[in-house]
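The model shown is predicted, which means the values in this text are computed figures rather than measured ones. If you read the sequence from its start, that first residue is 1, and numbering goes on from there. No hydrogens, no waters, no symmetry mates; every other heavy atom, side chains included, goes into these values.
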Amino acid sequence: MKVLVLTGPESSGKSWLASELQAHFGGIQVGEYVRHFIEQQGRDTCLADIPEIARGQLAWEDQARAQQPGLLILDTHLLSNQLWSQTLFGDCPPWLEPQLLARHYDLHLLLSPEDVAWSDDGQRCQPQLAERMAFFEATRHWLEQHRQPYRIIGGDWQARRQQAFEQVRQLLQA
């Protein structure tokens with residue numbers, strides 16, 4: 001089983017690209033639990049919600065891992081929960097990072113916020129490119145600090161699709 005993670009700032013194409021990859025390569029796609037949580041709760045999140053959101057994300061991921069697909073595509077993982085918690089609330093439950101590091105991920109596709117327009121979907125909160133770039137850099141820093149395999153995906157939508165498809169082809173051939 002190869003585990004692929006799409007990560008990076010909001011409105012950079014993670015969900016769209018995860019769907020494109022799953023439609024082309026098959027496997028199982030796991031979405032963002034936080035979106036489900038916000039829809040169920042009908043309100044913005046707070047720091048007290050982070051443990052429930054993170055446990056929900058882990059449960060979805062673990063259910064998909066248990067099926068042992070050839071390709072597991074994660075629209076996000078605990079790194080996003082950790083970074084958003086720090087960004088929005090200045091704090092994060094200390095157990096998130098050890099749980100994140102306890103799992104194996106074969107490749108992270110880190111999506112740049114540059115060259116694509118921000119889209120307001122009612123749950124997003126960083127319309128300024130500088131904010132999204134700061135989140136991108138925080139993500140890159142964490143991936144490098146923890147020696148996680150990653151490739152940066154950028155450009156317009158077609159370029160992102162082409163780059164991601166090539167990275168997944170290489171991942172599946174490895």
Side-chain angles (χ1 to χ4, degrees), residues 1-35 54 57-58 60-62 64-65 67-87 92 96-119 121 124 126-174:
M1 174 174 64
K2 300 290 186 176
V3 183
L4 174 72
V5 181
L6 286 91
T7 191
E10 65 183 26
S11 202
S12 58
K14 294 180 301 291
S15 298
W16 165 75
L17 200 46
S19 293
E20 291 284 306
L21 291 167
Q22 195 275 331
H24 185 80
F25 293 100
I28 295 176
Q29 178 185 346
V30 176
E32 292 180 273
Y33 185 84
V34 68
R35 289 188 167 279
Q57 189 68 50
L58 284 176
W60 281 9
E61 179 181 327
D62 289 345
R65 281 179 182 268
Q67 297 177 52
Q68 292 291 307
L71 178 63
L72 176 57
I73 303 166
L74 304 177
D75 187 347
T76 193
H77 67 352
L78 284 188
L79 179 55
S80 290
N81 297 139
Q82 178 179 315
L83 292 176
W84 273 113
S85 184
Q86 292 167 342
T87 298
C92 180
L96 263 67
E97 188 167 84
Q99 283 293 316
L100 178 59
L101 291 170
R103 288 167 168 74
H104 174 78
Y105 302 100
D106 293 290
L107 180 63
H108 296 78
L109 298 181
L110 173 55
L111 278 67
S112 170
E114 297 173 301
D115 302 319
V116 291
W118 182 78
S119 173
D121 69 356
R124 295 181 176 147
Q126 291 187 322
Q128 301 302 314
L129 179 59
E131 296 170 310
R132 296 190 313 279
M133 283 303 299
F135 195 92
F136 173 85
E137 290 301 334
T139 305
R140 180 179 12 199
H141 175 75
W142 190 94
L143 293 168
E144 289 176 356
Q145 179 183 15
H146 296 283
R147 295 186 170 100
Q148 297 291 308
Y150 78 96
R151 297 288 181 270
I152 294 174
I153 303 295
D156 65 16
W157 297 116
Q158 184 59 29
R160 287 167 193 263
R161 187 177 187 277
Q162 289 173 340
Q163 292 167 41
F165 274 43
E166 182 56 30
Q167 290 299 318
V168 173
R169 277 188 203 95
Q170 290 178 22
L171 175 65
L172 294 174
Q173 290 172 354

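Summarising the geometry, atom OG belonging to Ser19 is positioned 14.5 Å from atom NE2 belonging to His24; distances are rounded to the nearest 0.5 Å. Separating the CG atom in Leu4 from the CD atom in Gln29 is a distance of 10.5 Å, to the nearest 0.5 Å. Once rounded to the nearest 0.5 Å, the distance linking NZ of Lys2 with CZ of Phe25 reads 13.5 Å. The NE2 atom of His141 sits 10.0 Å away from atom CG of Leu83, with the distance rounded to the nearest 0.5 Å. Atom CH2 of Trp142 sits about 4.5 Å away from atom CD of Gln148, to the nearest 0.5 Å. We find the CE-CD distance between Met133 and Gln128 to be 14.0 Å, quoted to the nearest 0.5 Å.
For Ala164 against Leu17, the heavy-atom pair with the smallest separation is CB-CD2, 3.6 Å. Of all heavy-atom pairs between Glu61 and Leu72, the closest is O-CD2, 4.5 Å. Gly27 approaches Gln22 most closely through the heavy-atom pair O-NE2, 3.1 Å. Contact detail for Leu71 and Gly26: the closest heavy-atom pair is CD2-O, 4.0 Å. Residues Val5 and Thr76 come closest through the heavy atom pair CG1-C, 4.4 Å. Pairing each heavy atom of Ala54 with each of Asn81, the nearest pair is CA-OD1, 3.8 Å.
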*Given side chain to side chain contact (heavy atoms under 4.5 Å, CB included), test Met1 with Asp106 step by step and report yes or no.*
CA-CA 9 Å; Met1 174 174 64; Asp106 293 290; over 6 Å; no
*Under the side-chain hydrogen bond (donor to acceptor under 3.5 Å, both in side chains) criterion, do Gln162 and Glu166 qualify, and how do the steps go?*
CA-CA 6 Å; Gln162 289 173 340; Glu166 182 56 30; over 6 Å; no
*Could you walk me through whether Arg160 and Ser12 pass the side chain to side chain contact (heavy atoms under 4.5 Å, CB included) test, one step at a time?*
CA-CA 10 Å; Arg160 287 167 193 263; Ser12 58; 4.2 Å; yes
*asked:* Using side chain to side chain contact (heavy atoms under 4.5 Å, CB included), reason through Leu143 and Leu79 one step at a time and then give a plain yes or no.
replied: CA-CA 9 Å; Leu143 293 168; Leu79 179 55; 4.2 Å; yes
*Applying salt bridge (charged side-chain N to carboxylate O under 4.0 Å, His left out), run through Lys14 and Glu32 and close with a yes or a no.*
CA-CA 10 Å; Lys14 294 180 301 291; Glu32 292 180 273; 5.6 Å; no
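Looking at Ile28 and Arg65, their side chains never come closer than 4.5 Å, going by heavy atoms from C-beta outward. Looking only at side-chain heavy atoms (C-beta outward), Val116 and Ser11 stay at 4.5 Å or farther from each other. You'll find the side chain of Phe135 stays beyond 4.5 Å of the side chain of Glu10, heavy atoms only. Looking only at side-chain heavy atoms (C-beta outward), Arg103 and Asp62 come within less than 4.5 Å of each other. Here the side chains of Pro113 and Leu129 are in contact, with some heavy-atom distance below 4.5 Å. Within the 4.5 Å cutoff, side-chain heavy atoms of Leu110 are placed close to those of Thr7. The closest side-chain heavy-atom distance from Leu21 to Leu6 is below 4.5 Å. Counting only heavy atoms from C-beta outward, the side chains of Gln99 and Gln82 never approach each other to under 4.5 Å.
Asp115 places no side-chain N or O within 3.5 Å of a backbone atom of Asp156 that could act as its donor or acceptor partner. Here the side chain of Gln57 pairs a donor or acceptor atom with the backbone of Tyr33 at under 3.5 angstrom.
A donor-acceptor contact closer than 3.5 angstrom is absent between the side chains of Gln163 and Gln167.
Between His77 and the options Trp60, Trp84, Tyr105, a ring pair (Phe, Tyr, Trp, His ring centres under 6.0 Å) holds for only Tyr105.
At least one test fails for Arg140 against the ring of Phe136: distance under 6.0 Å to the centre or angle within 45° of the axis.
The number of heavy atoms from other shown groups lying within 6.0 Å of CZ (Arg151) does not exceed 12.
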